[in-house]
Enquirer: 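Sending over a structure as structure tokens; questions will come in a sec.
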Amino acid sequence: MGVATMKSTRGVKHAAKGAAAPVAGEVWRRRDLLGLHGLAPGEVRALLRETQRHDEGGSAGERPLEGRFVANLFYEDSTRTRNSFFVAARRLGADVLDFSATGSSVSKGESLTDTARTIEALGVCAIAIRHSAAGAAEMVARAVQCSVINAGDGRHEHPTQGLIDLYTLAKAHGRLASLDLGGLRVAIVGDIEHSRVARSAAAGVALLGGSAVCVGPANLATPEAGAAGCEVTNDFDPVIEGADAIMMLRVQVERGAAIASREEYVAGYQLTPERAARMKRGAIVMHPGPMNRGVEIHSDVADGPRSVIVRQVAHGVPVRMSVLAACVAARAGAA
Ligand code: CP
């Protein structure tokens, strides 16, 4: 069974619904998901197999978190991640405690770990945390006993987004059965420097055997910003024809990103219809969102035939179902 300690009739349902059977060596035993960097390929594949099962309806009727509470602990704004954790938890049968730092006792000076322990004391089995500080999720994981899922911590990692990107890529390129991205090349383009999405995506692509190249202006795609396993270049045009996927990133001005001029940025790094027309047959356009249309991506490309951006959002639910269920089950198994 792919995900450790999940006690159900899932093996039967795999066969009944035609989803891929669990593969030896693909197992998840961690209480928390804090990042993709450092995971084993089999751990990532275990989560993605479960994602496929949820995505294809193989888990319909299962409610492994029935009667439990999952907490969203969000110190930064979010549309996709927060709401898809909510939907995922509900699909698993859980209720959701939806905490926002705004309007909470954080304004009275309560620390992150005291807040997390307070939320845990209310009886939650998992906390999904988003915070502006790199390392915040790990700090919370050390402070509590329940499962902790990193929903984005500063510039560090956004592992569930990374899993969404891997799943979307594998599905679009017919690699769900193998979960092997060997031979596929992903260009990650834009503000690499401030992007936790780039770090998780690059780490995940490398784990599954693909290659990634990070592209952006010199101040936003430094050699140091090259995420694990990612080449870095400041020249977008030469990488277009060779990419099987181009993932565009927003310029994160709220984290201090600066561009010399919008016109120069658009000229050098926007995925325009002209650039998209040079992409190879079958290559896809990705974006984790939120998009700034007219800056990093032209509206016609965002809504065009190569775009899988809406599919990425939809995959957020089965990915987060997979992660929540697996981490809570692993914690229960270890207790
Ligand atoms: N991709 C992503 O993290 O989007 P949100 O900020 O809306 O959650």
Side-chain angles (χ1 to χ4, degrees), residues 36-37 41 44 48 161-193 195 197-251 259 264-289 291 295-309 311-312 315:
L36 295 190
H37 186 78
V44 173
L48 294 178
Q161 181 66 48
L163 291 170
I164 289 167
D165 298 338
L166 292 175
Y167 184 75
T168 305
L169 193 57
K171 191 170 178 179
H173 285 284
R175 304 290 184 97
L176 281 184
S178 65
L179 291 175
D180 182 343
L181 302 183
L184 294 185
R185 186 160 176 79
V186 181
I188 306 173
V189 185
D191 179 5
I192 308 298
E193 181 78 16
S195 179
V197 170
R199 281 165 185 74
S200 291
V205 167
L207 278 170
L208 298 193
S211 68
V213 55
C214 292
V215 185
N219 64 320
L220 299 180
T222 63
E224 296 73 36
C230 197
E231 301 165 36
V232 179
T233 176
N234 304 124
D235 200 353
F236 185 17
D237 284 300
V239 309
I240 291 171
E241 281 90 350
D244 298 285
I246 298 183
M247 180 190 300
M248 302 307 299
L249 300 176
R250 182 175 64 87
V251 178
I259 50 176
E264 282 179 25
Y265 189 84
V266 167
Y269 300 102
Q270 185 185 96
L271 187 53
T272 59
E274 294 73 27
R275 286 190 170 115
R278 289 170 37 216
M279 292 171 67
K280 69 162 83 161
R281 187 183 176 87
I284 57 174
V285 172
M286 307 175 76
H287 196 308
M291 289 185 278
V295 183
E296 74 272 11
I297 189 164
H298 191 286
S299 226
D300 291 349
V301 178
D303 300 329
R306 294 185 184 277
S307 174
V308 296
I309 295 168
R311 275 188 252 166
Q312 287 175 272
H315 292 156

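Everything quoted here is computed from the prediction, not taken from an experiment.
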Enquirer: Suppose we screen for ring pair (Phe, Tyr, Trp, His ring centres under 6.0 Å). Which residues come up paired with Y265, at least two apart in sequence or across chains?
Expert: Y269

Enquirer: Please list, chain by chain and in numerical order, all residues satisfying side chain to side chain contact (heavy atoms under 4.5 Å, CB included) with A243, sequence neighbours excluded.
Expert: A187, I246

Enquirer: Once rounded to the nearest 0.5 Å, what's the spacing between atom NE2 of H298 and atom CD of E274?
Expert: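 It is 7.5 Å, given to the nearest 0.5 Å.
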
Enquirer: Which pairs count as ring-ring contact (aromatic ring centres under 6.0 Å, His included) when at least one residue sits in residues 162-189, sequence neighbours excluded?
Expert: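 As it turns out, the ring-ring contact (aromatic ring centres under 6.0 Å, His included) pairs with a partner in residues 162-189, which skip direct neighbours, are Y167-H315.
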
Enquirer: Is Q312 close to M286 at the side-chain level, that is, under 4.5 Å between some pair of heavy atoms?
Expert: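 They are in contact (side-chain heavy atoms under 4.5 Å apart), so the answer is yes.
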
Enquirer: Return each pair, listed once, that meets salt bridge (charged side-chain N to carboxylate O under 4.0 Å, His left out) where at least one residue sits in residues 279-288; pairs must be two or more places apart or across chains.
Expert: D244-K280

Enquirer: Mind checking what makes side chain to side chain donor-acceptor pair (under 3.5 Å) contact with R306, not counting sequence neighbours?
Expert: none

Enquirer: Output all residues satisfying salt bridge (charged side-chain N to carboxylate O under 4.0 Å, His left out) with R175, sequence neighbours left out; order by chain, then residue number.
Expert: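 Expected list: none.
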
Enquirer: Are the side chains of I297 and I309 in touch, meaning some heavy atoms are under 4.5 Å apart?
Expert: yes

Enquirer: Before giving the answer on side chain to side chain contact (heavy atoms under 4.5 Å, CB included), spell out for L169 and L208 the whole-Å C-alpha distance, their side-chain angles and the decisive distance to 0.1 Å.
Expert: CA-CA 11 Å; L169 193 57; L208 298 193; over 6 Å; no

Enquirer: With S299, which residues qualify under side chain to side chain contact (heavy atoms under 4.5 Å, CB included), at least two apart?
Expert: R293, D303

Enquirer: Mind jotting down which residue pairs meet the salt bridge (charged side-chain N to carboxylate O under 4.0 Å, His left out) criterion with at least one end in residues 207-216? Sequence neighbours excluded, please.
Expert: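 Salt bridge (charged side-chain N to carboxylate O under 4.0 Å, His left out) check on residues 207-216 returns no pairs.
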
Enquirer: Could you measure the distance from the CD atom of E241 to the CE atom of M279? Nearest 0.5 Å is fine.
Expert: 10.5 Å

Enquirer: Do V197 and D165 touch side chain to side chain, with heavy atoms closer than 4.5 Å?
Expert: yes

Enquirer: Could you pull out all residues at least two apart from E193 that satisfy salt bridge (charged side-chain N to carboxylate O under 4.0 Å, His left out)?
Expert: R155

Enquirer: Just to verify, what does R275 make a side chain to side chain contact (heavy atoms under 4.5 Å, CB included) with, not counting sequence neighbours?
Expert: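 R275: side chain to side chain contact (heavy atoms under 4.5 Å, CB included) contacts with F236, D237, I240, L271, T272, R278.
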
Enquirer: Return each pair, listed once, that meets salt bridge (charged side-chain N to carboxylate O under 4.0 Å, His left out) where at least one residue sits in residues 179-189; pairs must be two or more places apart or across chains.
Expert: R185-E231

